[in-house]
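Each chain gets a letter, A, B and so on, in the order its sequence line appears, and its residues count up from 1.
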Amino acid sequence: MGKENIINADENDKGKKGPDFIRQIINRDLETGKNGTRVHTRFPPEPNGYLHIGHAKSICLNFGIAEDYEGGLYNLRFDDTNPEKEETEYVEAIKEDIKWLGFDWKDRLFFASDYFDKFYEFALELVNSGKAYVDSLPAEEIREYRGTPTKPGKNSPYRDRPIEENLEMLENMKNGKYKDGEHILRAKIDMSHVNMNMRDPAIYRIKNARHHRTGDKWHIYPMYDFAHGYEDAIEGITHSICTLEFENHRPLYDWFLNNVSAPCHPQQIEFARLNLSYTVMSKRLLLELVTSNLVDGWDDPRMPTISGFRRRGVTPTAIRKFAKEIGVSKVNSLIDMNFFYYIIREEMNETADRVMAVLDPLRVVITNYEEGKTEEFDADNNPQIEDGGTRKIPFSREIYIERDDFMEDAPKKFFRLAPGREVRLKHAYFLTCNDLIKDKEGNVTELHCTIDPETRGGNAPDGRKVKGTIHWVSAAHAIDAEVRLYDNLFTLEDMADMEEGKEYKDYLNPESEIILKNCKVEPSLAHAVPGAPYQFLRKGYFSADSKYHTREKPVFNRVVALKDSWAKLQKK
RNA sequence: AUCCCGAUGGUGUAAUUGGUAACACACCAGAUUCUGGUUCUGGCUUUGGGGGUUCAAGUCCUCCUCGGGAUGCCA
């Protein structure tokens with residue numbers, strides 16, 4: 001049974017890639033029967049901020065692993081051991097984001113605070129076996145006593161406090177008899193250990209603070225290192241997957257489990273957290289962006305948060321695909337944001353309905369088209385899908401085209417509209433520009449063009465070709481819309497490379513959000529709902545903004561631009 | 001400085017665990033196209049350095065170099 005459960009390259013990834021190093025470890029454990037046939041993981045967020053794409057990687061890893069193995073289980077556990085930083089608001093937001101990603105933890109929602117009583121029993125065990133003591137040194141002195149990586153620390157004068165006294169003081173700590181920081185419970189390990197984490201680490205600190213779930217019951221709160229392994233053990237976690245910065249803490253994780261009567265001993269495995277170019281993944285910085293109103297909340301479409309990407313129009317499947325494709329390793333790496341954009345495009349190319357929207361309108365009068373006349377064309381919704389269906393597009397004498405689809409002095413390589421040149425209006429007619437009208441400043445304000453009636457539907461009976469096809473909307477039928485173009489939040493590829501003396505705000509991209517208020521979109525977009533992807537033909541993938549979009553005042557966000565080889569050519 | 005971890009093309013991840021270094025992205029060139037999108041074809045570039053074991057090393061050993069982490073009563 002366990003053997004059949006083992007993931008190999010063939011079934012996991014169509015023979016392309018072998019299992020990642022974590023799944024290899026699990027495969028081995030299954031072979032040796034280390035945990036029987038069980039595979040049980042968890043995602044343990046601290047409810048002190050919103051989830052970002054880096055958390056999504058971790059969720060997809062942890063929960064994805066459990067889903068991969070027959071009978072695998074995964075828990076959602078809030079690691080709420082620090083009452084001063086955590087809030088219920090975040091708990092709800094985190095649950096919503098994970099659900100949206102498509103994971104269902106069923107009845108396995110837990111809180112570290114549910115285990116506070118058990119933690120206390122474990123602490124008593126440690127005290128009773130002489131492996132923990134109450135220290136009364138002030139924080140600064142504890143720091144001094146700890147030494148440095150090159151100099152060993154020295155024992156606290158309170159290190160050999162009698163067990164009975166420790167017990168009594170711990171009880172008093174618990175009951176709120178002391179002020180914050182007055183005493184601390186520490187593990188008695190080794191003050192000269194080469195691993196600083198092992199130099200008598202803190203177990204309980206006094207915080208006379210109200211906890212979002214346990215209220216005023218506790219006056220002491222457990223430290224991460226002490227609590228985390230117990231949380232895992234209590235839940236029967238088999239593989240406790242965390243990020244690289246906890247590698248130095250693994251000996252501690254194991255020490256705490258080894259020195260009490262823990263129900264089992266999960267294995268901690270570390271992987272490299274996600275770094276994405278042109279953005280930051282630090283909760284502190286993201287919180288700062290929000291509180292200083294540099295962005296429009298945690299779900300600003302420029303934010304690398306799950307809720308930000310959701311509002312922008314990214315789909316959960318794209319995020320999951322991304323998480324899978326970037327892989328897992330122990331190397332600190334920087335993923336190119338363009339790779340994420342590629343994943344989004346790859347999906348939306350298949351799923352997004354094509355529509356026409358003119359972002360920067362230029363009026364075109366078709367001088368040989370009857371005034372007041374309207375006709376309709378059938379337009380395919382998605383050429384990638386066989387039965388993608390069609391919709392009607394109205395056409396009339398005055399239309400809008402994209403301003404940069406016209407050039408007065410056009411180079412040879414420019415395949416779009418220019419005086420005397422002919423292009424195709426997508427789905428409609430061939431169009432030739434005859435005249436242009438300018439304002440006093442010399443800006444082109446209107447084009448006078450003619451269509452070839454013979455080319456109705458988009459093809460010429462005489463077989464002549466046009467180099468360019470452009471999109472358009474009928475002026476009389478267009479819907480006014482606001483369109484927001486989003487781009488990278490920061491201008492620096494690797495935000496870890498910030499120059500000294502500068503702060504991350506110095507690298508904010510002023511063009512990360514461009515709001516266009518005079519856009520003209522085709523009538524079918526009247527039914528757009530947030531989350532549904534559209535391809536604005538030749539422009540990019542867009543979705544209605546979940547915060548501001550209304551039927552009366554449409555607002556569309558650009559999820560990602562289309563590849564643009566003309567723009568690339570121009571740069572040369 | 002000490003300890004821990006890591007190093008495979010421009011980027012990210014593989015390599016049947018000692019047996020032809022591959023997949024994707026990016027980039028370049030061309031073809032196709034009623035989206036300068038998509039699709040297709042071709043090209044480019046890789047095992048950080050020295051030494052060793054072996055018939056055979058990206059993989060094992062050793063030294064070096066470089067990068068990251070660790071000196072919270074944060075997680």
Side-chain angles (χ1 to χ4, degrees), chain A residues 8-9 13 15-20 24 44-46 48 79 81-82 84-86 135 138-139 142-143 146-153 180-186 193-197 199 201-207 220-221 223-225 227-228 242-251 270 272 277 283 325-336 338-339 341-343 345-346 349-350 354 356 379-380 383-384 413-416 423-428 430 457-459 465-471 496 535-541 561-570:
Chain A
N8 59 50
D13 239 343
K16 289 285 195 307
K17 284 186 176 186
D20 57 70
Q24 285 178 31
E46 185 189 10
N48 67 345
D79 204 1
T81 54
N82 188 344
E84 287 164 349
K85 296 168 66 180
E86 295 148 5
D135 198 353
I142 287 186
R143 203 178 317 124
R146 188 155 35 230
T148 69
T150 42
K151 272 169 277 166
D180 284 15
E182 209 173 327
H183 305 285
I184 191 162
L185 185 71
R186 301 177 72 180
H193 200 108
V194 287
N195 184 341
M196 298 281 294
N197 296 128
R199 319 244 260 229
I203 290 175
Y204 271 119
R205 73 284 217 198
I206 299 172
K207 278 182 191 289
I220 53 173
Y221 291 92
M223 298 292 292
Y224 170 89
D225 285 315
H228 203 84
C242 62
T243 44
L244 248 31
E245 66 267 31
F246 293 103
E247 210 158 20
N248 290 324
H249 295 244
R250 192 177 349 119
E270 310 86 12
S277 64
K283 272 194 210 177
E325 291 298 314
I326 56 176
V328 202
S329 73
K330 296 189 69 164
V331 189
N332 284 300
S333 59
L334 182 69
I335 307 281
D336 191 340
N338 289 315
F339 184 67
Y341 293 154
Y342 155 77
I343 296 287
R345 281 195 207 101
E346 183 188 45
N349 181 46
E350 303 298 324
R354 273 59 171 171
M356 294 204 283
D380 52 334
Q384 304 295 314
K413 294 266 185 125
F414 186 77
F415 301 148
R416 283 111 93 146
V423 296
R424 174 169 32 234
L425 293 174
K426 179 81 178 172
H427 303 305
F430 282 12
N459 285 301
K465 303 276 191 221
V466 287
K467 284 285 240 183
T469 299
I470 63 173
H471 61 279
Q535 186 191 104
F536 286 9
L537 228 55
R538 305 205 301 134
K539 283 289 159 189
Y541 294 101
L562 244 33
K563 280 211 272 187
D564 189 346
S565 52
W566 167 240
K568 208 182 272 183
L569 238 183
Q570 279 176 303

A.B. asks: Paired with B:rA75: which nucleotide, if any, by Watson-Crick or G-U wobble criteria at under 3.5 Å for both distances?
C.D. replies: none

A.B. asks: Tell me which nucleotide among B:rA1, B:rA75, B:rG37 gets nearest to the side chain of A:Gln384.
C.D. replies: B:rG37

A.B. asks: Check this one for me: any side-chain N or O of A:Arg345 less than 4.0 Å away from OP1 or OP2 of B:rU38?
C.D. replies: no

A.B. asks: Can you tell me which nucleotide in B:rG37, B:rG69, B:rU2 comes closest to the side chain of A:Ser565?
C.D. replies: B:rG37

A.B. asks: Atom CG of A:Asp380 to atom P of B:rU33: distance rounded to whole Å?
C.D. replies: 16 Å

A.B. asks: With heavy atoms under 4.0 Å as the rule, sort A:Ile335 into base, sugar-phosphate or nothing.
C.D. replies: sugar-phosphate

A.B. asks: How close do A:Ile184 and A:Ala202 get, counting heavy atoms only, and between which atoms?
C.D. replies: CD1-CB, 3.6 Å

A.B. asks: When rounded to the nearest Å, what value does the distance between C1' atoms of B:rG18 and B:rC74 take?
C.D. replies: 45 Å

A.B. asks: Would you say a side-chain N or O of A:Lys207 is under 4.0 Å from OP1 or OP2 of B:rC74?
C.D. replies: yes

A.B. asks: Determine if the base of B:rU17 is syn or anti; take syn to mean the glycosidic torsion is within 90° of 0.
C.D. replies: syn

A.B. asks: Please determine, for the side chain of A:Leu537, which listed nucleotide (B:rC27, B:rU35, B:rC74) has the closest atom?
C.D. replies: B:rU35

A.B. asks: Within less than 4.0 Å of OP1 or OP2 of B:rC74, is there a side-chain N or O belonging to A:Thr81?
C.D. replies: no

A.B. asks: Could you measure between the two P atoms, the one in B:rC44 and the one in B:rU39, and give it in whole Å?
C.D. replies: 22 Å

A.B. asks: Roughly how many Å is it from CG in A:Asp20 to C1' in B:rU17, rounded to a whole number?
C.D. replies: 16 Å

A.B. asks: Between A:Arg250 and B:rC4, does any side-chain N or O lie under 4.0 Å from OP1 or OP2?
C.D. replies: no

A.B. asks: Does B:rU11 have its OP1 or OP2 closer than 4.0 Å to a side-chain nitrogen or oxygen of A:Ser333?
C.D. replies: no

A.B. asks: Of all the choices, B:rG37, B:rA75, B:rG36, which nucleotide is nearest to the side chain of A:Met223 once you look at every atom?
C.D. replies: B:rA75

A.B. asks: With heavy atoms under 4.0 Å as the rule, sort A:Lys568 into base, sugar-phosphate or nothing.
C.D. replies: sugar-phosphate

A.B. asks: Do A:Trp566 and the base of B:rG36 stack face to face, with centres under 5.5 Å apart and an angle between planes under 30°?
C.D. replies: yes

A.B. asks: Need one value for A:Ser329: base, sugar-phosphate or nothing, where a base atom within 4.0 Å counts as base even if backbone is also close, heavy atoms only.
C.D. replies: sugar-phosphate

A.B. asks: Using the C1' atom as the reference point in each nucleotide, state the distance between B:rU71 and B:rC4 in Å, no decimals.
C.D. replies: 14 Å

A.B. asks: When we call it a touch if two heavy atoms are under 4.0 Å apart, what does A:His427 touch: a base, just sugar-phosphate, or nothing?
C.D. replies: base

A.B. asks: OP1 or OP2 of B:rA15 less than 4.0 angstrom from a side-chain nitrogen or oxygen of A:Gln24, does that happen here?
C.D. replies: yes

A.B. asks: A:Lys539 side chain N/O closer than 4.0 Å to the phosphate oxygens (OP1, OP2) of B:rG37?
C.D. replies: no

A.B. asks: Using Watson-Crick or G-U wobble geometry with both distances under 3.5 Å, which nucleotide pairs with B:rC23?
C.D. replies: B:rG12

A.B. asks: Can you tell me if the side-chain N/O atoms of A:Arg199 get under 4.0 Å from OP1 or OP2 in B:rC3?
C.D. replies: no

A.B. asks: Measuring from the side chain of A:Leu569 (C-beta onward, heavy atoms only), which nucleotide among B:rC25, B:rC74, B:rG36 has the closest atom?
C.D. replies: B:rG36

A.B. asks: Hey, does the side chain of A:Tyr224 come within less than 4.0 Å of B:rC74's phosphate (OP1/OP2), counting only N and O?
C.D. replies: no

A.B. asks: For A:Gly147, which contact category applies under a 4.0 Å heavy-atom criterion: base, sugar-phosphate, or nothing?
C.D. replies: sugar-phosphate

A.B. asks: Do A:Glu325 and B:rU13 share a donor-acceptor pair, side chain to base, under 3.5 Å?
C.D. replies: no

A.B. asks: Given B:rU2, B:rC5, B:rG37, which nucleotide is nearest the side-chain atoms of A:Leu562?
C.D. replies: B:rG37

A.B. asks: Has A:Arg146 got a side-chain N or O lying under 4.0 Å from the OP1 or OP2 atom of B:rA70?
C.D. replies: no

A.B. asks: Should A:Phe415 be counted as stacked on B:rG36, where stacking needs a ring-centre gap under 5.5 Å and an angle between planes under 30 degrees?
C.D. replies: yes

A.B. asks: Report the nucleotide, chosen from B:rC73, B:rG69, B:rU71, that has the shortest atom-to-atom distance to any side-chain atom of A:Met196.
C.D. replies: B:rU71

A.B. asks: What's the gap between B:rC27 and B:rA22 when it is taken at their P atoms, as a whole Å value?
C.D. replies: 23 Å

A.B. asks: Distance check needed: B:rG69 C1' versus A:Asp225 CG, whole Å only.
C.D. replies: 14 Å

A.B. asks: Measure from the side-chain heavy atoms of A:Pro383 and tell me the nearest of B:rA75, B:rG37, B:rC74.
C.D. replies: B:rG37

A.B. asks: Rounding to an integer number of angstrom, what distance separates B:rC5 and B:rA29 when you compare their P atoms?
C.D. replies: 46 Å

A.B. asks: Would you say the base of B:rU35 and the side-chain of A:Arg354 have a donor-acceptor pair closer than 3.5 Å?
C.D. replies: yes

A.B. asks: So which atom in A:Pro149 and which in A:Met196 form the shortest heavy-atom distance, rounded to 0.1 Å?
C.D. replies: N-SD, 3.7 Å

